[in-house]
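The shown structure was predicted, so the numbers you read here are calculated from the model rather than taken from an experiment. By convention in this document, chain letters (A, B, ...) are assigned in the order of the sequence lines, proteins followed by strands, and residues within each chain are numbered from 1. What you see below is based on every heavy atom in this structure, not just the backbone, and it leaves out hydrogens, waters and symmetry mates.
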Amino acid sequence: MKWGYLIPRVILVAMVWTFFVFAFDPILRYSAINMGESAVGAKVGIASLETTFFPPSLKLGAVDIANPQEPMTNLATFETLQVKVAGKPLLRQSLIVEQARITGLEWGTARTKSGRLEETETPGDDPDANQEPGVVDRFGVQAAEVGQEWLDDLINRVEGEFDPQQFESVRLAESLEADWKKRFDDLQSRAKNSEEQSKKLADALKDAKGSTLERLRVYQDAVRQGNGLLADVDTIRGDLQGLSGTAREDFARIQAARERDLASLRDKLDYRNYDAEKISRSLLGPKLGEQLQSASDWIDLLQKYAKALQAAPKPERMRGIEIVFKRPSPQPQFLLKSLQVSGRAQLGEDRMPFKGLITGITSDPALHGKPVVVRAAGEGDGRLDLYSVLDYRNEVPVHDLQMAYSLPKSDRIELGEPKKLSLLVDVGRTDWKVDLKLTGDVLTGRLSLQQSPVSITANAGPELKEDIGRVISGALSGVRHIEAEVILTGTYDHPEWVLHSNLGDQIRDGMQAFVARELEVRQQELAQKADAIIRERVGKFETNLTSRYRETLAQLNLNESQTRELIQRVANRGLGSKLPGNLGKRFDLKKLGILPR
Amino acid sequence: MREADGTFMGFHLLRPFRFFAQALSGESTSKQMAMGFALGLAVGLIPKGNLIAIAMMMVLCASRINLGIGLLTVFAVSWVGVFVDPLTHRLGAWLLANETLVPFWTRFYDMPIAPWTSFNNTVVLGSFVTGLLLIYPVYRFSEPGFVKYSPAIAERLAKFRFVRFLWGAEWAGKLGSTS
């Protein structure tokens, strides 16, 4: 055999062998890192990768996947991943993983180096980062808003910062005061007018000249006008006296408004009308929201990978069309029969050891005929049980998640604004049960919570009076045990929820009992304060009204006396002295009916 | 440094490359060149990344043909082959859809390894069949050409620096062994 034939072929075979022995695993590791980074959007580290062909297997060592949203935190890390692939199905292009095992799985661990990819946009540049919060995140936001509303209301009630304008009686008194001012101005204007008329009349008498007949005509006119003026004064006086009835009605209206104001004030200080569900939601909502968010995140994650698996892009096909022939016993292109997982799960402050088993992950659930089942259990300081079924066999996918865990000690929950009033909720043992089912987009579920013992303390901030915190702490001191249940309905994008809890009732009753007692004095103070404000405004109105009445009445009396005096002067002057013989007596003005007798 | 037979050790190291160069560049008959060309054409037509292409490549490497011409033809035809796809696709589609052949394809598809051949791809099957059909005519028609032009081709290859280097090594090795 010629060397010229043998050597090139030996070299080619040696190159192929060298590739698989020395280059295949590093290239595969490099490809896996690149694929992982492009899929996750953050750095992925794989310390080692080993493959064997007989039997087909893969082993990854020390994998860390950074969290793209928090680059100094890992999305997940694990110590080893071992995969054993079935050989025979592989010959038919089916990747059937008989058994896989992940050990040392943890998530949310800290990184020493940033996991941000160099070309990755910062979170601020990401348009999706400013999107509306997730489905259940809204739950938490709503609850927090309701909580703030409730606390603000509580502060307002207790603090008793009342605006006088909120009282109907004060507003009415001010309005009526303006009306009465207008009325008196009008009367005084009329009275003043009559006074001017009287003066003009006197001047006319004084300046009367000419023949006797002419002066007689002047006197006659003066008397007529004087009588008219007296009639006007009488009318004005009548109007003025008529106002007293209107004033009485107005006083009655003000009094009725004042009674209503005081009743309303008493209602405001009544805690029996507090919405217990609102209080429960405000206190428990954020924590419940977190749990639902967490459950929702898991469903999202599972959905995302399940969809990605089923819709995995085909390897870039060379050219042409691939015709698939029906096999007598078809198998999915990918099937992970069993994945054993062990690691530590973060629950509260505890990293709890857990073990889990995932079965039935496949690219063709209908063909495989079984759903994905996830089971996990852990026990440390707390306890965890998780069971989830993800069924993609039918057109409408069904996700079922049942989770129960207990924590020996929960984080302290802080509600409200530290500047005003904050509630610190300390909880001992917490037991959670989550049961969520998502059929297509239809969500049903139940989330229950039991916490005991519970202690709620209130801290009044610098903007609030010191005794407010003491009062509210006292009211909440009776709360020792919390039970809550959230019923979820609606759709995944627009969930509706109803909360049933004993917390709201406990707080409401506590507020009613304690605050009713503690604030009885304060209630009186507030009522007195309000009453004083009302009295002050109403009293001012009364004083104004009385003084203006007297002033106007005095003016009218003056005008009347002036007019009468004028008429009397005309009468006394008479015409008799100016007429010859006894004509003067005959032309007596009183007898003639010109002057009043 | 000299070996026991008096040659330079470095030339021993170069010897495999020299053989490889010889296999690639010369000392082949016109039939081997023509067969290399024909097989290279058949392999070059088939889209890569499937077991048919790998098997054909192995046949090419294992045959006593001119490997250099064969590999060169594979490289060249791989680029040109894309333009023939419409034809090979139609042929492959016809074969795969042929009712008399469907039972055969179905059975074959269910056999181990068979799916990795991508025979069920219209272009792969079409180009494979086309390549097989072309092997003999191309061999027959290209051989006279190689008879006529192989000296000229050898002359052309001699112009490549790398080939000249290997030939120089041979010459220097001879020199070293005789001195």
*Taking atom CZ of A:Arg101 as the centre, report whether more than 12 heavy atoms of other residues, nucleotides or ligands fall under 6.0 Å from it.*
no
*Heavy-atom check, side chain of A:Arg327 versus side chain of B:Pro115, under 4.5 Å*: yes
*With the side chain counted from C-beta on, respond yes when A:Ile321 and B:Asn121 share a heavy-atom pair under 4.5 Å apart, and no when they do not.*
no
_Full working for side-chain contact (heavy atoms from CB on, under 4.5 Å) between A:Val324 and B:Tyr109_ = CA-CA 8 Å; A:Val324 178; B:Tyr109 189 67; 4.0 Å; yes
*asked:* Does A:Phe19 have more than 12 heavy atoms from other residues, nucleotides or ligands lying within 6.0 Å of its CZ?
replied: yes
*More than 12 heavy atoms of other residues, nucleotides or ligands under 6.0 Å from CZ of A:Phe53: is that the case?*
yes
*Around atom CZ of A:Phe24, are there more than 12 heavy atoms of other residues, nucleotides or ligands at under 6.0 Å?*
yes
*chain A contact via B:Met58 - side chain, backbone, both or neither, heavy atoms under 4.5 Å*: neither
*Ignoring hydrogens and angles, tell me if any N or O in the side chain of B:Asn120 forms a donor-acceptor pair with the backbone of A:Glu322 under 3.5 Å.*
no
*Could you look at B:Phe119 and say if it's the side chain, the backbone, both or neither that has a heavy atom under 4.5 Å from chain A?*
side chain
*List the atom of B:Trp116, the atom of A:Arg92, and the distance in Å for their closest heavy-atom pair.*
NE1-N, 4.3 Å
*Does the side chain of A:Phe325 come within less than 4.5 Å of B:Asp110's, by heavy atoms?*
no
